[in-house]
Amino acid sequence: MAPIRFVHAADLHLDSPFVGLHARNPPERVAKTLRDATFSAYDNIINLCIEEGVEALLVAGDVYDGADRSLRAQLEFFAGLRRLDAHGIRSFVCHGNHDPLDGWQARLTAPAGCHQFGARVEAVPFDPSQPERGTVVGVSYPKRDVTENLAVRFRAAPKQGFAIGLLHCNVGTDTGHLPYAPCSIEDLVGIGIDYWALGHVHTRQVLRPQSPAIVYPGNTQGRHVNEQGARGVYVADVGEDGAVALTFHESGPVRWDTAVVSVAGMQTEQQLLDAIDRAVGKLLEAAGGRDLVYRLRIEGRGELHDSVRRNGFTDGIEERLNAEWGDASQFAWCERIEAATSADFDRAALRDAPDFTGDLLRLIDSVRADPTRLERIGSQLLALYGHARAGRYLKAEALTEAELVAALDEVETACLEALA
Amino acid sequence: MRIINLHIDGFGHFADTDYGPIEAPITVFYGPNEAGKSTLLAFLRTMFFGFPPTKRDAFYPPLRGGAHGGRIFLEDDGGGGYHVALSESNKGVVARLSRVASADQLDPQALDRLLGHASKGMFESVFAFNLADLEKLGPLGKGDASRQIYSAGMGAAKVPSALTGLQKRQDELFKPGGSNQEVARLLNELDAVERELRESANGATRFADLTEHLAKTEAEIRDLTATAKDVDLLVRRTERLRAAFDDWVEGQALEGELAGLPERASFPVDGLNRLAALEERARQASEQLADRTEDASKAQTALEAGAIDRAVLENAGEIDRLRRGRQGFDASVADAPKRASELRQLREELEEALRGLGQDWDLARLDTFDESIPVQAEINAWDVRLRDAERLYHAAEGEAGQAEKDAQRAAGARAAEEDRLGALEPSRLTEVELDDHRRRLLRCRGLLDERRIAGMKRESLEAQADDAERTIGSAPAVYPNAPRSMLPFVLGGGGLIAILAGLLLGGTAIVLGVLLGVMLLGAGVALYFGNPQPRATQQPAAEARPAAKLAQQLAAAVSAEAELTERLSAEAAVFRLTRLDREAFDDREARLNTEASLLREVQHQEQRLQDAAKNEGTLATHAVEAQATLERLGTELDALRREWQSWLTARGLDPGLMPATVGAVFVQVTSGRKSARAVADAEHRLERIEADIDEFVAAVQALCARLGIPVDTADRRRVARVVDELADRMDEAKRADAAGKQAQLALDEATTRLQRATRADADARDEVAALLGAGGCSEAEEFRRAAQDDGRRAVVVERLRDCNERLQRHCAHGTTIEGLKAELAAADPVALEQELADLAERAATVKDELGRLQQAFGQVSNELSTLRNQEKTSSLRADRERLKASLSEAAHQWSIATLARGLLLEAQATYEKERQPGVIKQADAVFSAITGGRYHGLMSPFGGGQRLTVVDRDGTTKDAEQLSTGTQQALYLALRFGLIREFGTNSVHLPVIVDEVLVNFDAHRARRAAEGFAELSKTNQVLVFTCHESMRDLFLQVAPMTQVIEIGGER
């Protein structure tokens, strides 16, 4: 078998905005970079295909961010495919839960070298001039909510040579993603597919290295603070013996990260500012020359707690940081500051004290340990989360029991600050 | 803390008034209205917290004289006694606090400590209050008392404000139905963004329509463009025919003319011009040939004219060398005599130098004498050694002399110090004795102060005893038959006299007098208060007990005073004083200071003498050591000098020379050697000059011999002239030789050019003949006529070709010129014009239609391009996410505030129920007791400001304001009980001073309140001011130990 070389990408989410950014008025360069980040990542992938001289680009679903896929996203996507076609590089695309086939599509003509999979499982030659080299089997979501195990349908598809399965699915049950097209690793083995080019899970992972290889490349650009680190695609080299060698290439132009600074042991605000500068400097260094969006968490117990909690203090720091680091050629944009400091006090001693504060802390501890009381306390929040209008946006964010327990730490701090 | 005594110097109506000792747990100050109870209360408040800061002279001014103020005697909870004195005058306020035991004056903060740091407000509202204070909550609603009552300081003071703050935060973020809150604002913004996004989706539909429309327009444009192209082809064909028609006509005419001209097979191209050019070349070649022939002739003549001196030229090198050496030869001839003279002078200088060194010096010794650098270094070393040895010797010499002088001065100084010590008066006390006397004196002063205080206390008790005696004596109605014995008084008076006598006499008399006095006094007191005499009727036990106790206290005071006197006498015995008072101790201290001064002076002078003797010994030793050093260095210097003389002798030099003088000899030797070298150099130089002259003359003589020129070598000027003449001849011969060579070159060139001119002339003639032959002519004129015919034919042919070329250009792609000519032959110019007009009209119509379509195409394309490049939806999506993030954050903050407020409310409810302040709890018990259990559940609820509630017997909760006046007073009294107990638990137990506070209570409540006071008096001294006899009796009933002090009788 002649060697095969292709790029495996997934979850482009073109034209999807960064989530959680609430910082005010970023400079136009920063705003544009963030706005165009998914497009830049896609451009980088196209350039990678050309530079690496691969034979094909495989996109495993979620090309667009929503069923109402934007015109710009479609135009850019097809423009990239046309560039590949001009270089003789084929492309295979399937659609997932974020861009199902029933979504709006502009009347755009795909290049000749591109194959978009439909709602039925299809098998097409990897190289039409030499069909015996390999086959790409794939399927797209006809609609958003596909709860069927699509992988099993791949068994019946005719295959020649090295078989690649292109699928947007959720392997396993604990991926942190919605269970669309759920399946297990066992479902994917023994179907006759040599390489499962999967999409849907945004953190890259190789579930199985060979026979068959089961690979999630992750998304191409992190879009929120929980999608940190390098994001990109795999270049897959299939040897004459069918062995797969994977090389990861970062495509995202912007990295997400978190800076954590503790106020413990600090006496002055200047010490805190210096520590923050050092932390941001380290993040930038770790970003490897890419632009950076980060969240700053100020934590710890110390003298500076009062300063940190003072109204406007964190806003001032955020403004200063973004003025200083947001204008650099390699910018670092602070998207949010979490003030999670605690006053420098002995909680155990306060809790044991026979006074109101002690009563309060004991009450909080008892609520924390009592699901019934927790539920009763939490029901106060239905006024907002169950609100007809606000609930449209906040319904999914209603606090779970575990989140409620976690929030009690913050509630406790708020109570003690109010009583101080 | 308890108040034991109080003395009023002047305060309101009180003047020089004493109360005390106040020893019972409860003391009732009983007196009628206007007796001064309120003044007394104000006096006590003032003694503790001072006069008011302003108008203090108007604050209870001393209406009956005396200093404005007074003093009180206190005991703290540990039994320690204190005096507090306060007086006010126009000079200011004088406050003094002193401890009874030591009479030490204490700092003002000590009183604050005694009062347990209670503020004035706290004391006046809680510990010293009157009926008016009890009628309202007012005083308790302020300061420390308020905090104690209303949960302040218990960690809950800020709960109401915390709840308010959290509520405010909640309301800022979200209120159901609200429109100005942050959540509502964010929702509005989100709705707006969503609307815009939906509108952007409409833009996507528009994109699809436009794409379709664009495709249709593109097809129409394509068709119309093809039509336009066809029309254009027709137009261009017709235009070509019309444009080619004239050329076709001209071509037809040229073809006719060409047929009429003779045709030659070939004729030289451009024959006429070429012939003219060749004829010109032949003419020029002939002229050049003539010129070159003349040049060759002239060169030959010049060559033959020249003559050259070959013999001289052959020796030109030698002649040239001699000419160059002639200047040196002349210089040598002139220099030889000067160098001989210099040689003679140098030889004389050398002989003079040798004579300067001495008779035994010649050139050989001069040459071999060692003056090398090592020898010179050795001499320098000798110089250093000799100089160092001499310098050390001289220094030792000076030091030995100075040491001798210093030793003599030190001996004189020691003798002077001995004289000064002999003149000083010796001290009578040693240093140890002096310290002992000082410590004793200090202790005596302390004992003196203690004895003075003890005396004051004893006097106070004696005065009370006198009062008691008078009281007993003036009570015949109670004890009518009690006979009075004078014996106790005689004994007491005798004792006092003995004590006073002892004190006045001093010395051991103090001890004897005090002992005797104490014994007599004790006997008198015991006789009086014991069972001195039978009584007619049985006295009530209650009246006898205070008197006996007073007697015991007086006896203890007398005993303490005597003991102090005894200790003082023992301590002061060593001073042998005649009296023991402050002046005697001051005098004794002055004497001790004089003794100490004398002792210090003797000690100082002894130290000086000791230092002078030590210095004398040190300097004498130093003088002996310096002399020994001087002698050792002299010996070493002599040995060194002998060694140097031996060194000189060994080198044949004068032993009397010093190292510096040997240097001068070295200089002379060096100078002599230099003169000897100069003589040798001059001799060598003169020899070389003579050799040069001889060599030059020999060379001239040899050359002249070869050229056959006679020369006299003895005459050196003649030799020089011969050289000059030979040089001139050589220059002339060289010039003639150069001219001959130049002429030969000119002849060779002239010959070559002549040969070239001859060949050019022949060539030109041959070419003319060839040209004529090519034109088929033998004569030039014939050739010219034939050339004109050939030229015309060429012009016609050229024009015809141009015509055909133009016709060729008019040919359409794929057609031949023959085809075109055929079309032209069939064409009509008029018809062509008409056809062109028709086609132009049709092309304009197509062009207009095409322009319209292209414009439409451009508009659609632009709109599509705008839609393609539109980033608005990207921005809107980013905005939507940002707003969602802000909404999420606001919701989170609201959640935290809501949960925090909910928990605070729950904690508050628990707290109110389970953890009322200790004051409230204690007050609740007292209030319940006073009201006979009708009320209970006293509570200070949260968030109600200074609010108190109680629960009535029927379970109704009532605010304090809802209670009757009497019950309110009971409540406020109960609160004070709670505060007093709380204060005592955490600090000290202060006296409680109340002024008519029970008068509004009914009998039951008054009794229960008095019982409360009795209970309170177990920890706190209670002073009750009242003008009501029933109230006095009430306290005597509930607390039989109550002490009653009547006031107002003194006034």
Side-chain angles (χ1 to χ4, degrees), chain A residues 15-23 31-32 34-36 39 65-66 68 70-73 75 104 106-108 335-336 350 353-360 362-364 367 377-378 380-381 383-385 387 389-390 392-394 397 399 404 407-408 410-415 417-420, chain B residues 151 154-159 161-163 165-166 173-174 176 183-184 187 190-191 197 200-201 203-205 207-208 211-212 867-871 873-875 877-889 891-892 894-900 902-904 906-908 910-911 914-915:
Chain A
D15 205 12
S16 66
F18 280 18
V19 181
L21 280 177
H22 77 148
K32 183 165 175 53
L34 302 185
R35 214 163 45 224
D36 294 346
F39 293 115
D65 191 49
D68 58 339
S70 81
L71 176 62
R72 184 185 173 203
L75 290 170
W104 174 80
R107 294 188 190 95
L108 300 174
E335 59 98 20
R336 182 183 302 213
L350 281 184
D355 59 10
F356 182 82
T357 306
D359 286 350
L360 175 67
R362 285 189 291 278
L363 171 65
I364 290 173
V367 169
I377 292 280
Q380 298 174 79
L381 307 182
L384 176 59
Y385 291 95
H387 186 261
R389 196 164 160 225
R392 279 191 293 141
Y393 299 101
L394 297 172
E397 296 190 29
L399 299 182
L404 206 52
L408 283 178
E410 219 173 321
V411 170
E412 179 180 305
T413 302
C415 287
E417 282 174 1
L419 290 172
Chain B
S151 306
M154 301 295 287
K158 290 195 174 178
V159 171
S161 64
L163 287 169
L166 289 168
L173 291 166
F174 171 69
V183 168
L187 286 172
L190 266 168
D191 288 347
L197 274 169
S200 296
T205 307
F207 178 83
T211 306
E212 191 175 353
L867 286 172
R868 276 194 190 93
N869 296 325
Q870 200 174 55
E871 294 183 5
T873 54
S874 300
S875 299
R877 286 163 187 269
D879 286 347
R880 183 171 61 184
E881 286 306 324
R882 180 179 57 76
L883 289 168
K884 280 183 179 175
S886 298
L887 181 64
S888 176
E889 176 66 22
H892 182 74
W894 181 85
S895 300
I896 298 300
T898 302
L899 292 172
L903 287 169
L904 275 179
E906 191 170 338
Q908 174 186 323
T910 305
Y911 191 86
E914 299 175 358
R915 198 180 292 281

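Just so we're on the same page: letters track the sequence lines, and every chain starts at 1. These values consider heavy atoms only, across backbone and side chains, with no hydrogens, waters or symmetry-generated copies.
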I need the minimum non-hydrogen distance between [X] and [Y], along with the two atoms involved.
X      : Y      : result
A:E410 : B:I896 : CB-CD1, 3.7 Å
A:L363 : B:E906 : CD1-OE2, 3.5 Å
B:A900 : A:A414 : CB-CB, 4.3 Å
B:V183 : A:A390 : CG1-CB, 4.4 Å
B:H892 : A:Y385 : N-OH, 4.1 Å
B:A907 : A:L360 : CB-CD1, 3.8 Å

Rounded distance [0.5 Å steps], [atom1] in [X] versus [atom2] in [Y]:
X      : Y      : atom1 : atom2 : value
A:Y393 : B:D191 : OH    : CG    : 5.0 Å
A:H387 : B:L187 : NE2   : CG    : 7.5 Å
B:L887 : A:L394 : CG    : CG    : 4.0 Å
A:E397 : B:K884 : CD    : NZ    : 9.0 Å
A:R336 : B:S886 : CZ    : OG    : 7.5 Å
B:L166 : A:L419 : CG    : CG    : 8.5 Å

With only heavy atoms counted, which part of B:L190 is less than 4.5 Å from chain A, the side chain, the backbone, both or neither? both
What part of [X] is in contact with chain B, defined as an atom under 4.5 angstrom from a non-hydrogen atom: side chain, backbone, both or neither?
X      : value
A:L381 : both
A:L350 : neither
A:L34  : neither

Side chains of B:R877 and A:S16, heavy atoms from C-beta outward: is any pair under 4.5 Å? no
Under a 4.5 Å cut-off applied to non-hydrogen side-chain atoms, are A:L404 and B:L899 in contact? yes
Determine, for A:R35 against B:D879, whether the closest basic-nitrogen to carboxylate-oxygen distance falls under 4.0 angstrom. no
Answer key: most heavy-atom pairs under 4.5 Å with chain A among B:G902, B:G165, B:S895 is B:S895
Show the numbers, then the answer: is there a side-chain contact (heavy atoms from CB on, under 4.5 Å) between B:Q908 and A:F356? CA-CA 8 Å; B:Q908 174 186 323; A:F356 182 82; 4.3 Å; yes
